[in-house]
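Notes follow once the structure below has been shown.
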Number of protein chains: 2
Amino acid sequence: MATIDDVARSAGVSVSTVSYVLSGKRPISEPTRERVRKAVAELGYRPHAGARALASSRTQVIGLVAPLRAGVDVNVIMQFVAGVVTRARSFEHDVLLLTQDDVAGIERVSSGSMVDALVVMDVEAQDPRITTLLAVKQPVVLIGLPARPHGLSCVDLDFEAVGRLAVTHLVELGHRTIGLVGPPPSVLARHTSYAERLIRGLQSQAEEDGVHAVVEPAEPGHRGGQAATEVLLAVDGLTGIVVHNEAALPAVLDTIRQAGRRVPEDVAVLTVGPPEVALSQTPPVTSIDIPAQEIGGAAVDMVIERLASAGSPQTRLFSPRVTLGETTARH
Amino acid sequence: MATIDDVARSAGVSVSTVSYVLSGKRPISEPTRERVRKAVAELGYRPHAGARALASSRTQVIGLVAPLRAGVDVNVIMQFVAGVVTRARSFEHDVLLLTQDDVAGIERVSSGSMVDALVVMDVEAQDPRITTLLAVKQPVVLIGLPARPHGLSCVDLDFEAVGRLAVTHLVELGHRTIGLVGPPPSVLARHTSYAERLIRGLQSQAEEDGVHAVVEPAEPGHRGGQAATEVLLAVDGLTGIVVHNEAALPAVLDTIRQAGRRVPEDVAVLTVGPPEVALSQTPPVTSIDIPAQEIGGAAVDMVIERLASAGSPQTRLFSPRVTLGETTARH
DNA sequence: TTGAAAGCGCTAACAT
DNA sequence: ATGTTAGCGCTTTCAA
């Protein structure tokens with residue numbers, strides 16, 4: 001591989017000139033710049049990432065902590081990841097992926113200076129990683145909202161507002177008893193941030209509106225969705241179901257039909273998740289979208305910003321909106 | 001951050017001794033080793049990844065090329081990724097994730113010496129990345145099987161055998177006309193390796209067995225699966241359906257029922273995909289598993305092996321097996 | 001506008 | 001069994 005010395009020699013300039021042409025950190029005369037560019041192209045030169053990291057203390061790599069836990073909506077995860085990677089690239093950064101659910105990986109890449117910043121997914125209300133993250137020298141952004149952020153930056157969909165919005169939407173349509181097919185028990189058991197926030201919003205809005213809300217977690221897969229839906233359908237006077245569990249959605253629709261109830265005439269269905277999933281059902285399901293890609297991108301924005309200016313941490317919550325399908329109607 | 005010099009000073013030894021204690025590349029007396037370890041622990045020392053990469057030409061990072069394309073089974077992708085990351089960690093490697101579908105990322109991380117090796121996913125029959133990969137200095141393993149591997153190492157489930165096995169299983173049960181709900185048209189259009197191989201195996205086995213096979217791609221989502229299934233159900237004498245499209249599976253089962261046909265009495269269903277998805281349906285679907293996690297791990301094994309010994313490239317194909325559910329029966 | 005040179009923090013050959 | 005030291009390939013200060 002060609003080194004910066006080779007380029008300098010070939011262009012008849014010093015290495016620092018080559019470096020400055022590449023970084024643009026000081027003005028270089030047009031002719032020189034052109035000669036350097038030519039030499040770079042001819043030799044197929046690429047700076048050695050390690051050498052650059054050593055000299056500049058910048059790796060151009062963002063660490064993405066994405067534990068692959070049971071019960072998560074894999075489509076949503078992928079969208080987050082895609083958003084992070086894409087936005088990172090737009091800032092000339094690559095992404096190092098950590099999927100192990102421990103604090104060791106965070107410590108390793110952080111104190112080993114493998115990354116410039118960290119984006120952390122699947123945050124829990126009392127996340128055990130927070131202590132470690134607070135001690136990290138790189139900027140950190142959480143995707144999610146712990147009970148106590150301790151001054152860490154956070155970004156997420158406002159899931160509490162999602163819960164409220166779901167209730168409001170259904171109540172406005174005349175529904176008075178509403179069920180939630182929630183995330184799997186395992187997700188709730190570890191107090192996953194988004195799950196608890198949605199339920200909290202749903203319940204408090206229901207209370208404010210004086211309507212009845214029933215929460216029923218669903219195990220992954222068809223049977224989980226089926227079981228939860230059957231429980232809800234047995235609830236007296238229930239006419240609306242909110243689904244916060246991508247894997248259960250087909251089963252929910254299926255089970256309602258099997259029970260001889262019509263959607264939306266007898267039971268309205270509203271799902272929380274990626275638009276594609278909701279809209280590709282039969283019929284298209286009214287949904288509150290999770291703009292996962294956008295949130296992932298925003299996480300990178302925040303982390304890059306703090307890399308540049310060391311500004312103070314902030315929390316950014318995206319407001320939910322309803323995308324109408326054909327599964328909610330006036331009761 | 002503490003450097004190796006700090007550790008050496010604190011332990012009263014030279015830097016090389018510290019380095020050798022850490023790498024184990026030369027014998028160190030027990031007392032010295034202990035003093036070094038203690039100093040490392042006290043200072044919380046971690047070698048600087050960039051410095052190490054510069055000096056040793058090893059990054060301890062594997063590049064994972066995983067383009068997030070339309071129509072792929074996201075569960076399967078995730079399993080591959082999980083397999084790669086987990087196995088990589090067991091060899092003290094981390095994973096840099098490239099999701100962009102171009103050759104630029106490969107060139108960047110390869111010639112920038114950001115990775116020690118590359119694992120490439122979602123391989124097409126005539127994959128445009130192959131030329132680039134052949135020029136790369138790091139070891140490469142493809143997950144998938146291009147028409148001409150050109151001497152690159154490959155690992156995958158033997159999808160041709162999957163197609164054959166699916167037919168054999170159904171034919172043995174007495175089925176004579178078989179349908180395939182295939183991957184989305186977009187996946188077929190780009191000649192995705194696994195999709196074409198499965199169809200090839202399915203068709204040639206059908207021919208050999210003198211049975212009729214109909215292939216119908218399915219767009220993602222419920223409606224795609226529904227449409228494809230309706231087409232197949234209209235085929236005269238069709239009694240068996242193979243589903244190679246995770247997102248369509250619930251819709252396929254649903255549509256068969258809606259059409260008033262029973263599973264498996266009237267129509268047998270066999271799916272190709274992760275076991276969890278198949279088994280969590282109602283009823284549990286007979287499946288040919290894609291051991292994605294295992295394959296991802298094997299890819300890492302192969303790449304690590306070549307890093308150690310520069311052995312010659314090889315192709316490893318996993319043999320498919322049927323996991324019985326309740327959706328296939330004698331006709 | 002450009003160049004020289006001192007590091008950055010390691011590894012590993014070469015000494016002892 | 002341990003130490004000394006020359007790089008690894010960059011960035012960036014200091015000079016000119």
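Bear in mind that the values here come from a model prediction, so they are computed numbers and not experimental data. Naming convention: chains lettered A, B, ... in sequence-line order (proteins, then strands); numbering from 1 in each chain. Computation of the quantities below employed the complete heavy-atom set of this structure, encompassing side-chain atoms and omitting hydrogens, waters and symmetry-equivalent molecules.
- At the phosphate of D:dG9, neither OP1 nor OP2 sits under 4.0 Å from any side-chain N or O atom of A:Thr3.
- In this structure, the CG atom of A:Asp6 is 13 Å from the C1' atom of D:dC8, given to the nearest Å.
- Closest to the side chain of A:Ile4, from the set D:dA1, D:dT11, C:dG9, is D:dT11.
- When atom types are taken as modelled, the side chain of B:Gln60 and the backbone of B:Glu92 share a donor-acceptor pair closer than 3.5 angstrom.
- Across C:dC10, C:dA4, D:dG9, the shortest atom-to-atom separation from the side chain of A:Ala55 is found for D:dG9.
- For B:Ser16 against D:dT4, a side-chain-to-base donor-acceptor contact under 3.5 Å is present.
- Side-chain atoms of B:Thr17 and base atoms of D:dG3 include no donor and acceptor less than 3.5 Å apart.
- Using modelled atom types, one finds a donor on one side chain and an acceptor on the other under 3.5 Å when comparing A:Gln138 with A:Ser110.
- Distance from the side chain of B:Pro27 is smallest to D:dA1 among D:dT11, D:dA1, D:dG9.
- The base of C:dT2 sits with one of its N or O atoms less than 3.5 Å from a complementary donor or acceptor on the side chain of A:Arg26.
- Of the two residues contacting DNA chain C, namely B:Leu54 and B:Tyr20, the nearest-nucleotide position lying further toward the 5' end is that of B:Leu54.
- Look at CD1 on B:Ile28: it is 6 Å from P on D:dT2, rounded to the nearest Å.
- In this structure, A:Leu43 places its CG atom 16 Å from C1' of D:dC10, rounding to the nearest Å.
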